[in-house]
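Beneath this line is the structure, given in structure tokens, with notes to follow.
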Amino acid sequence: MPKLTTFSAQLLRRPREVSALAPSSRHLCRAMAMQIPSSARRVAELGPGTGNVTREIIEVGIQPKDLSLFEINPYFSQWLRNTYPAATVFNEPAHKLALAGPEPIDAVVSGLPLLSMTAGQQQEILSAVFSQLGEDGVYIQFTYGPASPVRQNIVTSLGLTYTRTNRVWFNLPPAVVYVYRRAPRRVQQLAFVAL
Ligand SMILES: C[S@@+](CC[C@H](N)C(=O)[O-])C[C@H]1O[C@@H](n2cnc3c(N)ncnc32)[C@H](O)[C@@H]1O
């Protein structure tokens with residue numbers, strides 16, 4: 001079945017999980033993959049769907065054997081196994097990231113619909129992500145919204161800082177890529193005092 005048909009069929013079956021009209025465009029996928037540090041080796045992707053972002057992650061030089069994919073939808077998971085046989089596909093929710101193994105991860109790339117998640121779900125996922133990321137690791141997330149898709153209280157409680165790209169207009173709808181990382185210690189202390 002063609003990719004778009006597969007995506008649309010799953011959107012109709014599981015709308016809250018899929019939560020997008022179409023797979024991300026090549027422009028958006030590339031904008032995400034380009035945020036992976038050039039020194040990164042181990043990468044995890046959360047909510048890869050039909051693997052559009054996955055393709056660009058491999059394109060920027062990440063070896064499929066170093067790639068762990070966490071996809072909650074069994075149909076997409078099987079699709080990913082067929083398309084990227086050398087990657088490790090977990091048909092598991094994103095907060096089970098520890099299943100990827102004990103070695104630190106250098107970058108987590110996420111297509112998760114964070115805006116349709118509760119504060120508790122976001123907290124669980126972001127805590128799992130930052131407990132698996134190495135000291136300089138990054139969490140890369142796109143959003144269609146006008147502000148950080150990770151709630152500010154979670155950003156503060158985990159001691160994070162973030163940057164954002166310009167809006168990627170060639171996507172339906174246009175989207176922005178956010179990159180979260182641990183704030184330098186001094187900034188974390190100031191944020192804690194401000195709380
Ligand atoms: C907006 S689609 C993004 C698909 C693809 N990354 C793209 O950009 O085209 C969201 C994806 O996240 C998956 N998903 C939703 N909640 C999830 C969770 N808690 N853990 C893992 N995957 C999840 C959905 O099944 C879907 O494949």
Side-chain angles (χ1 to χ4, degrees), residues 1-36 43-60 62 64 67-84 87-100 105 107-132 139-145 149-151 154 165 167-179:
M1 207 189 287
K3 217 181 227 192
L4 189 58
T5 317
T6 301
F7 195 89
S8 309
Q10 295 306 310
L11 173 62
L12 290 175
R13 282 202 187 102
R14 305 166 76 133
R16 273 188 72 83
E17 279 171 17
V18 176
S19 219
L21 294 173
S24 298
S25 71
R26 190 146 208 175
H27 298 269
L28 177 57
C29 296
R30 200 166 289 163
M32 294 189 79
M34 280 174 58
Q35 300 299 324
I36 298 173
V43 172
E45 186 184 352
L46 310 180
T50 48
N52 280 17
V53 181
T54 318
R55 185 185 55 218
E56 296 299 325
I57 293 173
I58 294 168
E59 196 66 28
V60 296
I62 302 301
L67 195 46
S68 298
L69 309 176
F70 285 77
E71 175 50 64
I72 203 168
N73 181 308
Y75 193 89
F76 286 155
S77 298
Q78 193 52 50
W79 176 285
L80 293 161
R81 283 190 188 107
N82 295 342
T83 314
Y84 303 105
T88 309
V89 179
F90 295 91
N91 179 206
E92 296 283 352
H95 67 267
K96 297 271 188 73
L97 186 57
L99 290 172
I105 295 173
V108 174
V109 182
S110 166
L112 294 174
L114 281 193
L115 295 184
S116 16
M117 292 184 180
T118 63
Q121 286 171 317
Q122 274 202 13
Q123 178 80 52
E124 189 174 33
I125 292 169
L126 268 293
S127 301
V129 166
F130 277 90
S131 66
Q132 298 305 310
Y139 176 73
I140 301 162
Q141 171 76 51
F142 76 80
T143 182
Y144 308 128
V150 179
R151 288 171 168 78
I154 297 176
T165 65
R167 193 160 286 272
V168 178
W169 293 103
F170 289 102
N171 192 67
L172 187 70
V176 175
V177 178
Y178 279 73
V179 183

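Counting convention: from 1, in listed order, for ligands and their atoms alike.
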Response to the item:
For Pro23, the atoms of ligand 1 under 4.0 Å from one of its heavy atoms are 9 (O)

Worksheet item: Is any side-chain heavy atom of Leu67 closer than 4.5 Å to a side-chain heavy atom of Tyr84?
Response: no

Worksheet entry | Structural part of Pro48 in contact with ligand 1, heavy atom criterion under 4.0 angstrom | backbone

Practice prompt. Distance to 0.1 Å, residue and atom name: give those for the protein heavy atom nearest to atom 10 (C) of ligand 1.
Written response: Gly111 O, 3.3 Å

Fill in: Enumerated ligand 1 atoms positioned under 4.0 Å from heavy atoms of Phe70
21 (C), 22 (N)

Worksheet entry | Any side-chain heavy-atom pair of Arg26 and Arg55 under 4.5 Å | yes

Worksheet item: Just how far is it from atom CG of Leu11 to atom CG of Leu21, taken to the nearest 0.5 Å?
Response: 7.0 Å

Worksheet item: Does the side chain of Tyr139 come within less than 4.5 Å of Leu46's, by heavy atoms?
Response: yes

Practice prompt. Starting from atom 2 (S) of ligand 1, find the nearest protein heavy-atom neighbour and note its residue, name and distance.
Written response: Val18 O, 3.2 Å

Practice prompt. Quick one: look at Phe142 and ligand 1, take heavy-atom pairs under 4.0 Å, and tell me if it's side chain, backbone, both or neither.
Written response: side chain

Discussion item. Under 4.0 Å from a heavy atom of Asn73: which atoms of ligand 1 are those, numbered in the order shown and with their elements?
Written reply: 25 (O)

Discussion item. Just to confirm my output: which protein heavy-atom neighbour is closest to atom 17 (C) of ligand 1, and how far is it?
Written reply: Leu112 CD2, 3.5 Å

Worksheet entry | Heavy atom of the protein closest to atom 11 (C) of ligand 1 (residue, atom name, distance) | Gly47 O, 3.5 Å

Worksheet item: Which residues pass the side chain to side chain contact (heavy atoms under 4.5 Å, CB included) test with Thr50, sequence neighbours left out?
Response: Lys3, Thr6, Phe7, Pro23, Asn52, Phe76, Trp79

Fill in: Flag side-chain contact, heavy atom, 4.5 Å: Met34 against Val177
no

Worksheet item: Do Glu45 and Ile57 come close enough that some side-chain heavy atom pair is under 4.5 Å?
Response: yes

Item to complete: Could you tell me which atoms of ligand 1, counted from 1 in the order shown, lie closer than 4.0 angstrom to a heavy atom of Pro93?
Response: 20 (N)

Worksheet item: Is the shortest N/O to N/O distance between Glu71 and ligand 1 below 3.5 Å?
Response: yes

Worksheet item: Which of the atoms of ligand 1 are close to Ala20, meaning less than 4.0 Å from one of its heavy atoms?
Response: 1 (C)

Item to complete: Could you give me the CA-CA distance, side-chain angles and deciding distance for Asn171 and His27, then say whether side chain to side chain contact (heavy atoms under 4.5 Å, CB included) is met?
Response: CA-CA 7 Å; Asn171 192 67; His27 298 269; over 6 Å; no

Item to complete: Please report which non-hydrogen protein atom sits nearest to atom 15 (C) of ligand 1, along with the residue it belongs to and the distance in Å to one decimal place.
Response: Glu17 O, 3.3 Å

Discussion item. Please compare Ala22, Ser24, Ala94, Cys29 and report which has the shortest non-hydrogen distance to atom 20 (N) of ligand 1.
Written reply: Ala94

Worksheet entry | OG-OH distance between Ser110 and Tyr178, expressed to the nearest 0.5 angstrom | 14.0 Å

Worksheet item: Are Glu71 and Ser77 linked by a side-chain donor-acceptor pair shorter than 3.5 Å?
Response: no

Worksheet entry | Protein contact of atom 14 (N) of ligand 1 - nearest heavy atom, named by residue and atom, plus distance | Ile72 CG2, 3.7 Å

